[in-house]
Trainee: 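I'd like to ask you about the structure that follows.
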Number of protein chains: 2
Amino acid sequence: MTIAQVSKKYDITQDTLRYYERIGLIPAVCRNKSGIRNYSDEDCRWVEFIKCMRSAGLAIEVLIEYVALFKQGDSTIDVRKELLIEQRKQLINKLEDMKETLSRLDRKIESYEHCVVKKEKLLIG
Amino acid sequence: MTIAQVSKKYDITQDTLRYYERIGLIPAVCRNKSGIRNYSDEDCRWVEFIKCMRSAGLAIEVLIEYVALFKQGDSTIDVRKELLIEQRKQLINKLEDMKETLSRLDRKIESYEHCVVKKEKLLIG
DNA sequence: GCTTGACTTGGAGCTGGCTCTAAGTGTTAA
DNA sequence: TTAACACTTAGAGCCAGCTCCAAGTCAAGC
């Protein structure tokens, strides 16, 4: 796949794809003889995985570390697993916080309902 | 309450508190004759509300709008409610995305479990 | 051969959201 | 009364994470 196709498929700009590769957020993509990127299926899976993790708020720094460990091979399997577990923990905490905020927002909206009712009562009665 | 107390209570730097006030993220706080901020209970509730919403990822821009509408009085009640409902919608979507990412992370960690088991089998057998 | 156009690079620029600084004012304690 | 300190302001600086740009390379079509 060309960079243009990957960009379209995953809705990530070409600039961002090149940027991610430059900083090591995805492993180096193979090129043809004239230096043009040709994304393999595995490259695509990386792009998709990183996009997903980024959108959930995992830091670029952490993901770069994960990719670097991956490149070092099987000896880093345990470390990678620990890294993922730590990220999961943080994600769960964030989810909890957001759920609380959501219910607070619900209550706030609820109180606006009462407001409107009062206003209507005033208008009617 | 002084800015120092509010800063401590809500774990927000004094700089950030002043910044929030400057850009209209919280309504103007009353000052004594020499210009020093004195946070009322209502000011504190604003600080806490804004902190909570910010931590869930609501944009500063949107919250500034909410505060501006609030300052305009009761005529903006309906608009404010709509604004909150829209933000709730977005928050729910974000939560859903994050939940999916979380279960993906779970599966990934799961697959690392298998990895370790294989490695152990190799070591043992 | 020449133009067009899709790609390449390194580096500069931008946005959001703080965070720090310099210069100044006011209160308090010795 | 003078030193120390907590506060004030406007504006510069910083960081993450892109996004844009200039200059260059290459392949395809006229």
Side-chain angles (χ1 to χ4, degrees), chain A residues 1-40 43-44 46-68 87 90 94 97 101, chain B residues 1-40 43-44 46-68 87 90 94 97 101:
Chain A
M1 276 190 134
T2 66
I3 193 169
Q5 291 167 330
V6 175
S7 166
K8 205 165 194 175
K9 182 166 179 191
Y10 298 109
D11 192 29
I12 304 179
T13 68
Q14 297 188 20
D15 267 321
T16 303
L17 284 168
R18 280 190 281 261
Y19 166 70
Y20 280 0
E21 187 176 345
R22 198 156 72 218
I23 63 173
L25 225 188
I26 51 175
V29 174
C30 286
R31 318 297 182 92
N32 66 16
K33 46 274 160 232
S34 38
I36 292 178
R37 288 174 180 78
N38 183 16
Y39 288 76
S40 68
D43 292 330
C44 288
W46 271 108
V47 169
E48 206 249 321
F49 173 68
I50 292 297
K51 186 190 171 172
C52 179
M53 295 301 139
R54 282 292 301 137
S55 76
L58 272 72
I60 280 191
E61 212 181 3
V62 173
L63 294 169
I64 287 175
E65 200 191 333
Y66 180 78
V67 174
Q87 294 308 305
Q90 292 187 17
K94 211 190 299 183
D97 286 358
T101 300
Chain B
M1 274 191 136
T2 66
I3 194 168
Q5 291 168 331
V6 175
S7 166
K8 204 164 193 176
K9 183 165 178 191
Y10 298 110
D11 193 27
I12 303 179
T13 68
Q14 298 189 19
D15 268 321
T16 302
L17 285 167
R18 281 190 281 259
Y19 166 70
Y20 279 1
E21 188 176 344
R22 198 157 69 219
I23 64 173
L25 226 188
I26 51 175
V29 173
C30 287
R31 319 298 183 92
N32 65 17
K33 47 274 160 227
S34 39
I36 291 177
R37 287 173 181 79
N38 182 16
Y39 287 77
S40 69
D43 291 330
C44 288
W46 270 109
V47 169
E48 205 249 321
F49 174 67
I50 291 296
K51 186 189 171 172
C52 179
M53 295 302 138
R54 282 292 300 136
S55 77
L58 273 71
I60 280 191
E61 212 182 2
V62 173
L63 294 168
I64 287 175
E65 200 191 332
Y66 180 78
V67 174
Q87 294 308 306
Q90 291 187 20
K94 211 190 298 182
D97 286 359
T101 300

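The sequence lines fix the lettering, A, B, ..., with proteins before strands; numbering per chain opens at 1.
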Trainee: Is there a donor-acceptor contact under 3.5 Å from the side chain of K51(A) to the main chain of Y10(A)?
Mentor: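 Checked: pair present.
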
Trainee: Given atom CD1 of I23(A) and atom P of dT9(C), what is their separation to the nearest angstrom?
Mentor: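 So the CD1-P distance, I23(A) to dT9(C), works out to 15 Å.
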
Trainee: DNA chain C: E61(B) or K33(B), which has the more 5' nearest nucleotide?
Mentor: E61(B)

Trainee: Using a cut-off of strictly less than 4.0 Å, decide whether R18(A) has a side-chain nitrogen or oxygen near OP1 or OP2 of dG17(D).
Mentor: no

Trainee: Go through dG26(C), dC7(C), dC18(D) for me and flag the one nearest to the R54(A) side chain.
Mentor: dC18(D)

Trainee: Could you give the CD1-to-P distance, from I3(B) to dA6(D), as a whole number of Å?
Mentor: 13 Å

Trainee: Tell me, with the steps shown, if R37(A) and E21(A) meet salt bridge (Lys or Arg N to Asp or Glu O under 4.0 Å).
Mentor: CA-CA 11 Å; R37(A) 288 174 180 78; E21(A) 187 176 345; 2.7 Å; yes

Trainee: Figure out the NZ/P separation between K51(B) and dG17(C), and round it to whole Å.
Mentor: 17 Å

Trainee: Does the side chain of T16(A) get closer than 4.0 angstrom to OP1 or OP2 of dT19(D) through an N or O atom?
Mentor: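 Affirmative; the distance criterion is met.
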
Trainee: Nearest to the side chain of Y20(B), which nucleotide is it out of dC18(C), dT8(D), dC20(C)?
Mentor: dC18(C)

Trainee: Using only side-chain N and O atoms of R37(A), determine if any of them is under 4.0 Å from OP1 or OP2 of dT8(C).
Mentor: yes

Trainee: Please determine whether a side-chain nitrogen or oxygen atom of T13(A) lies at a distance below 4.0 Å from atom OP1 or OP2 of dC18(D).
Mentor: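 For T13(A), the contact criterion (side-chain N or O under 4.0 Å from OP1 or OP2 of dC18(D)) is not met.
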
Trainee: Is it true that the side chains of D15(B) and T13(B) contain a donor and an acceptor less than 3.5 Å apart?
Mentor: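 Looking only at side-chain atoms, T13(B) and D15(B) do not form any donor-acceptor pair under 3.5 Å.
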
Trainee: What's the closest nucleotide to the T2(A) side chain, out of dA27(D), dC7(C), dG17(D)?
Mentor: dC7(C)

Trainee: For D15(A) and dC21(D), what is the distance between atoms CG and P respectively, to the nearest whole Å?
Mentor: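 Between P of dC21(D) and CG of D15(A): 10 Å.
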
Trainee: Could you check how far CZ of R31(B) sits from P of dT8(D), rounded to whole Å?
Mentor: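 It is 6 Å, rounded to the nearest whole Å.
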
Trainee: Would you check if M1(B) and K9(B) make a side-chain contact, meaning some heavy-atom pair closer than 4.5 Å?
Mentor: yes

Trainee: Of all the choices, dC7(D), dT19(D), dT8(C), which nucleotide is nearest to the side chain of A4(B) once you look at every atom?
Mentor: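 For the A4(B) side chain, the nearest candidate turns out to be dC7(D).
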
Trainee: What contact category does R22(B) fall into here, base, sugar-phosphate, or nothing, at under 4.0 angstrom with non-hydrogen atoms?
Mentor: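 It contacts base atoms.
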
Trainee: Within this structure, what is the CD-to-P distance between Q14(B) and dT21(C), rounded to whole angstrom?
Mentor: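 Value for this atom pair: 15 Å.
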
Trainee: Are the side chain of R54(A) and the backbone N or O of L58(A) linked by a donor-acceptor pair below 3.5 Å?
Mentor: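 Present.
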
Trainee: In whole angstrom, what separates Y19(B)'s OH from dT21(C)'s P?
Mentor: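 Distance check: Y19(B) OH to dT21(C) P gives 18 Å.
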
Trainee: How close or far is atom C1' of dC7(D) from atom CG of L17(B), stated in whole angstroms?
Mentor: 14 Å

